[in-house]
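Here the structure is laid out as structure tokens; the discussion comes afterwards.
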Amino acid sequence: MTSAEHLRKGWCPGALRPMRSGDGLLVRVRPRAGAFSLSSLRAIATVSARFGSGEIDLTNRGNLQIRGVAEETFDNALAALDEAGLLDASVEAESVRNVVVDPLSGLDPARADIRGLATLLENALVRDRRLWSLPGKFGFSFSGVAAPQVGGRNADIMVSADGDCLMISLDGAANIRCEILRDHIVESALGLALAFNELKENDPGFRRMRDAVARLGVATLFAMAGLKAPVPSVAERGEHAGRVGLLSHGDVVFGVGAGLPFGRIVAAQLDLLCDAAAAANANEIYAGSERVLVLPSLDSTRADELLRGADAAGLITRAGDVRLAMDVCPGSPACKNSSTDTRRDAQRFADSFGSALRDCSVHISGCEKGCARRAEADFTLVGRGGHYDIIRNGSASSSSVQETIDADDIGVAISRLILEPTI
């Protein structure tokens with residue numbers, strides 16, 4: 001396997017097909033059904049330290065992204081990942097395996113265990129070459145509760161569970177769902193993906209499932225997949241799956257959530273976290289889509305050990321940490337599109353504004369692309385020419401700029417705006 005044919009720019013990267021950025025190659029490693037074994041995580045930390053910058057990002061799809069890999073050492077990095085069993089058989093198989101899994105599934109007694117279904121779907125996606133032409137960001141998700149979104153984000157095809165009842169819904173109409181027998185969930189999800197693919201091949205205007213929903217309607221898409229007509233349901237808001245610290249349901253403690261500051265961890269921190277997990281007899285760590293890694297625990301004593309280990313690694317274990325309310329892109333110099341050092345500015349804001357954000361969401365983006373958060377935020381800051389445009393109740397692509405500030409004024413400006421009444 002040679003690197004030259006895989007080095008590209010401008011798409012969603014993988015491990016076999018990395019992407020160039022300002023700090024080198026981005027090598028993105030996908031978990032298996034949302035889970036990484038400890039040996040896999042140690043391999044990722046080693047590759048990051050030896051061949052990259054030592055920095056690793058947790059993406060909003062629960063992937064781990066090794067930053068700063070040099071082109072001349074990429075083949076060595078790839079060989080090490082392959083030896084650890086972290087590579088797919090082909091670029092196409094890697095690209096199609098976009099499956100997000102509720103990180104608390106199988107741990108929280110209040111959630112259905114749907115991880116096995118996610119594994120079956122991933123295997124089916126890799127086998128069925130017809131699906132390899134799906135758009136690169138076309139994705140699936142599995143929620144252990146009735147709310148179809150995982151981490152508050154829609155996927156093109158979403159599986160959710162209300163007790164023993166399993167349902168499928170589509171992006172663009174998440175509150176319209178079809179109840180499916182458990183044994184037919186994977187087959188049904190594949191049928192919907194094939195139906196979309198047929199539409200896309202006949203009309204490139206169908207870029208994602210929400211485009212098909214908007215133009216044809218949900219019932220038509222389900223009929224194309226041979227499924228019964230979906231029905232409207234009450235919009236559900238699931239329990240927040242990005243919690244940090246001790247995780248429990250009633251008196252049952254089932255794990256620890258370790259938040260990654262602005263979605264980033266360095267190789268040494270990841271090694272420390274693996275040490276803590278191994279000491280507590282945990283074999284896997286689950287990757288969440290909200291910058292949180294979930295470490296399972298068999299009892300409260302081991303959970304306390306995990307909590308101390310996450311604290312020692314410098315990760316977020318307290319719910320009031322202001323950084324949990326912030327979506328921050330890599331910024332400059334890591335990204336060539338960015339004109340601001342977003343992570344430095346975000347940390348300065350967190351240091352100076354230690355009180356709670358009053359449930360406000362903050363998105364700091366180095367450019368108008370808004371890669372860290374597609375949805376609207378209470379406050380979105382977009383870097384332009386070394387300054388920030390502030391957008392209230394909008395996304396990075398919004399033209400409704402409230403004011404422009406210097407990077408040094410970020411803390412004062414947001415604090416003032418939070419205290420101001422919304423007009």
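Worth saying up front: this structure is predicted, and the values here are computed from it rather than measured.
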side-chain contact (heavy atoms from CB on, under 4.5 Å) against Ser332, all qualifying residues, sequence neighbours excluded: Ser338

Set of residues satisfying side-chain contact (heavy atoms from CB on, under 4.5 Å) with respect to Arg130, sequence neighbours excluded: Asp128, Leu194

Heavy atoms from other residues, nucleotides or ligands near CG of Asp113 exceed 12 (cutoff 6.0 Å): yes

Heavy atoms of other groups near Glu201 CD, more than 12 under 6.0 Å: yes

Pairwise side-chain contact, Arg177 with Met158, heavy-atom cut-off 4.5 Å (strictly under): no

Leu293 and Phe36, any side-chain heavy atoms less than 4.5 Å apart: no

Contacts of Asp156 that satisfy salt bridge (charged side-chain N to carboxylate O under 4.0 Å, His left out) - sequence neighbours left out: Arg208

side-chain contact (heavy atoms from CB on, under 4.5 Å) assessment of Arg61 paired with Arg30: CA-CA 9 Å; Arg61 293 191 182 208; Arg30 288 172 169 80; over 6 Å; no

Asp171 CG to Asn154 CG distance, which is reported to the nearest 0.5 Å: 4.5 Å

With sequence neighbours excluded, residues passing side chain to side chain donor-acceptor pair (under 3.5 Å) with Ser37: Ser39, Ser40

For Arg207, all residues meeting side chain to side chain donor-acceptor pair (under 3.5 Å), sequence neighbours excluded: none

Ring-face cation contact, Phe254 with Arg111, 6.0 Å cut, 45° max: no

Listed pairs under 3.5 Å, donor-acceptor, residues 322-331 side chains, sequence neighbours left out:
unit_1, atom_1, unit_2, atom_2, d
Arg323, NE, Asp321, OD1, 2.9
Arg323, NE, Asp321, OD2, 3.4
Arg323, NH2, Asp321, OD2, 2.7
Asp327, OD1, Arg291, NH1, 2.7
Asp327, OD2, Arg373, NH1, 2.9

Residue pair Ala161 / Ala112: nearest heavy atoms and the distance that separates them: CB-CB, 3.5 Å

